[in-house]
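The sequence lines fix the lettering, A, B, ..., with proteins before strands; numbering per chain opens at 1.
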2 protein chains.
Amino acid sequence: MKKPPEISTSHTRVPASECSLAKAIRVVGDMWTLLILREIICGAERFDQIREDLGITRSVLSNRLARLVQEGILERYQYRDSGQRARKGYTLTEKGRALLPVVITLREWGGQHLEPGNTSLRLQLQTTDGLRVETKLIREDGLEVSDMSGVVATVKE
Amino acid sequence: MKKPPEISTSHTRVPASECSLAKAIRVVGDMWTLLILREIICGAERFDQIREDLGITRSVLSNRLARLVQEGILERYQYRDSGQRARKGYTLTEKGRALLPVVITLREWGGQHLEPGNTSLRLQLQTTDGLRVETKLIREDGLEVSDMSGVVATVKE
DNA sequence: TAATCTGAGTCTTTATTAAAGACTCAGGTG
DNA sequence: CACCTGAGTCTTTAATAAAGACTCAGATTA
């Protein structure tokens, strides 16, 4: 309860049905779904491992995995540990890997704006040959934007 | 059910309690929360306007707004339309504005991987003086990464 | 060959959370 | 003073999630 209204972007009402952001939110904007993606990104690809790491219910995990497979974000593969029968695991599809920047950007926000000091473990991206990869905000003229105070959101047609 | 296991990143188990990504997911990784942030980013700052745009219940909206205010992502301000009594609206705090890259990255994913052709309206970022701003994946050596196939996630200490 | 074990689920019951919509409350207007 | 409106709260009902028992397929052991 502080500021005056500021330069309000005069609310261009974007019907959620036509908004790719709203659609994306409906597909992956769920706490369990995001946590499951985090697990798979971190390398957990098997049902029970994800379940134990997250403490999620079997039925919810089963439900979310099925949705992610159906959306084409995950796919199932068969693996066989020596002396074990063939089992199934989940990996990201190309469409799923394309979510990595989203996840990393969210992680960066969390690292900067939550948790006071404790940044013990951090999820990062790198190329297969070991170069670090980061997401950056780049202006049209090529300069990097370092703070958000001069940035506004707009809706373009 | 296709691929072989591929170069699995040997699962560094990251306890969710120490992971800034998991924390961020618990704070904003909820469908309604994300949709509300989208509304406010698009310029809707009043209770009933958000409610009508989203078709969300009053009680859920009230609950989510309170949580976002408590987390320091939104703040309330007073406004007064002429000939009306003073009312309250919600805007992003600095911490909330720092979420813009996350939201934009998600929107870009949605635009590219959902909805076949229909990209009528798109949320974008720009500087206050009108320059477009985009999120990009940049390698350590400064080159831009255009496709994700050569990128992997790792957990660093 | 039968009995056993294990990962990856499904099913059932109970508890949480959300949806629908009536009710409240403060302050400004006629 | 009676009425209106934005911004909620409250109550009831419906949908989701949690807890945990049960299932099923195939490899192993006996």
Side-chain angles (χ1 to χ4, degrees), chain A residues 1-2 4-5 8 11 13 16 22 25-37 39-40 43-70 74-91, chain B residues 1-2 4-5 8 11 13 16 22 25-37 39-40 43-70 74-91:
Chain A
M1 239 209 283
K2 279 194 228 163
S8 164
H11 188 41
R13 178 198 275 260
I25 290 172
R26 287 178 199 284
V27 175
V28 298
D30 164 80
M31 205 182 68
W32 284 128
T33 301
L34 290 167
L35 287 170
I36 290 166
L37 287 172
E39 279 295 308
I40 292 176
E45 299 185 345
R46 303 175 183 191
F47 192 92
D48 271 20
Q49 185 167 34
I50 297 172
R51 196 180 60 73
E52 278 162 31
D53 286 358
L54 293 182
I56 189 179
T57 317
R58 289 170 185 285
S59 55
V60 174
L61 177 55
S62 177
N63 168 295
R64 295 299 191 279
L65 287 172
R67 278 169 46 178
L68 286 168
V69 168
Q70 193 193 317
L74 297 182
E75 65 190 352
R76 289 158 43 110
Y77 63 86
Q78 291 236 338
Y79 67 91
R80 152 171 269 153
D81 289 349
S82 68
Q84 294 282 314
R85 88 166 194 273
R87 317 226 166 226
K88 282 154 200 161
Y90 297 85
T91 47
Chain B
M1 234 204 289
K2 279 194 233 165
S8 163
H11 187 42
R13 177 198 272 261
I25 290 172
R26 286 175 199 287
V27 174
V28 299
D30 165 80
M31 206 184 67
W32 285 128
T33 301
L34 290 168
L35 287 169
I36 290 166
L37 287 172
E39 279 295 309
I40 292 175
E45 300 186 344
R46 302 175 184 191
F47 192 92
D48 270 21
Q49 187 167 32
I50 297 172
R51 195 180 60 72
E52 279 162 30
D53 287 359
L54 293 182
I56 188 178
T57 317
R58 290 171 187 285
S59 56
V60 174
L61 177 55
S62 177
N63 168 295
R64 294 299 192 278
L65 287 173
R67 277 168 47 176
L68 286 168
V69 169
Q70 194 194 318
L74 298 182
E75 64 190 353
R76 286 156 47 107
Y77 63 87
Q78 291 237 338
Y79 67 92
R80 149 170 272 151
D81 289 350
S82 68
Q84 293 284 314
R85 90 166 193 273
R87 317 226 168 226
K88 281 154 201 161
Y90 297 84
T91 47

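Within the model, atoms NZ of K88(A) and CZ of F47(A) stand 12.5 Å from one another, a figure rounded to the nearest 0.5 Å. The CD1 atom of I56(B) lies 7.5 Å from the CG atom of L65(B); values are rounded to the nearest 0.5 Å. Annotation: the span from L54(B) atom CG to Q49(B) atom CD amounts to 10.5 Å, rounded to 0.5 Å. Between L34(B) atom CG and I25(A) atom CD1 the span is 5.0 Å, to the nearest 0.5 Å. With rounding to the nearest 0.5 Å, the separation of CD in E52(A) from CD in E39(A) is 10.5 Å.
Just one of T91(A), L68(A), L74(A) meets the side-chain contact (heavy atoms from CB on, under 4.5 Å) condition when paired with I40(A); it is L74(A). Residue I36(B) forms a side-chain contact (heavy atoms from CB on, under 4.5 Å) with just one option from M31(B), R64(B), R51(B), R67(B), and that option is R64(B).
In this structure, M31(B) places its CE atom 15 Å from C1' of dA17(D), rounding to the nearest Å. Rounded to an integer number of Å, the gap from R64(A) CZ to dG9(C) P is 15 Å. Taking atom CD1 on I56(B) and atom P on dA18(C), their separation rounds to 9 Å, with Å as the unit. Taking atom CD on E45(B) and atom P on dG6(D), their separation rounds to 17 Å, with Å as the unit. Nucleotide dC25(C) holds its C1' atom 11 Å from the NZ atom of K88(B), rounded to whole Å. Between the CD1 atom of I36(A) and the P atom of dG9(C) there is a distance of 12 Å, given to the nearest Å. Spacing between atom CG of L61(B) and atom P of dA19(C) amounts to 11 Å, rounded to whole angstrom units. Note: CZ (R67(B)) to P (dA18(C)) measures 8 Å, nearest angstrom.
Distances shown here put every side-chain N or O of Y90(A) at or beyond 4.0 Å from the OP1 or OP2 atom of dG7(C). Close to dG8(D), at under 4.0 Å from its OP1 or OP2, lies a side-chain N or O of R76(B).
I50(B) is listed as a side-chain neighbour of L61(B), based on a closest heavy-atom distance under 4.5 Å. Considering only heavy atoms from C-beta on, E45(B) stays 4.5 Å or farther from Y79(B) through its side chain.
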Can you check nucleotides 9-12 of chain D for protein contacts, nitrogen or oxygen pairs under 3.5 Å, and list what you find?
{"residue": "dT9(D)", "atom": "OP2", "partner": "S62(B)", "partner atom": "OG", "Å": "2.4"}

Please write out each protein N/O paired with an N/O of nucleotides 26-30 of chain D under 3.5 Å, distance rounded to 0.1 Å.
{"residue": "dA27(D)", "atom": "OP1", "partner": "R80(A)", "partner atom": "NH2", "Å": "2.6"}
{"residue": "dA27(D)", "atom": "O3'", "partner": "G83(A)", "partner atom": "O", "Å": "3.2"}
{"residue": "dT28(D)", "atom": "OP1", "partner": "G83(A)", "partner atom": "O", "Å": "3.1"}

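Residue-level contact check: R46(A) touches the backbone only, with heavy atoms under 4.0 Å from sugar-phosphate atoms and none from bases.
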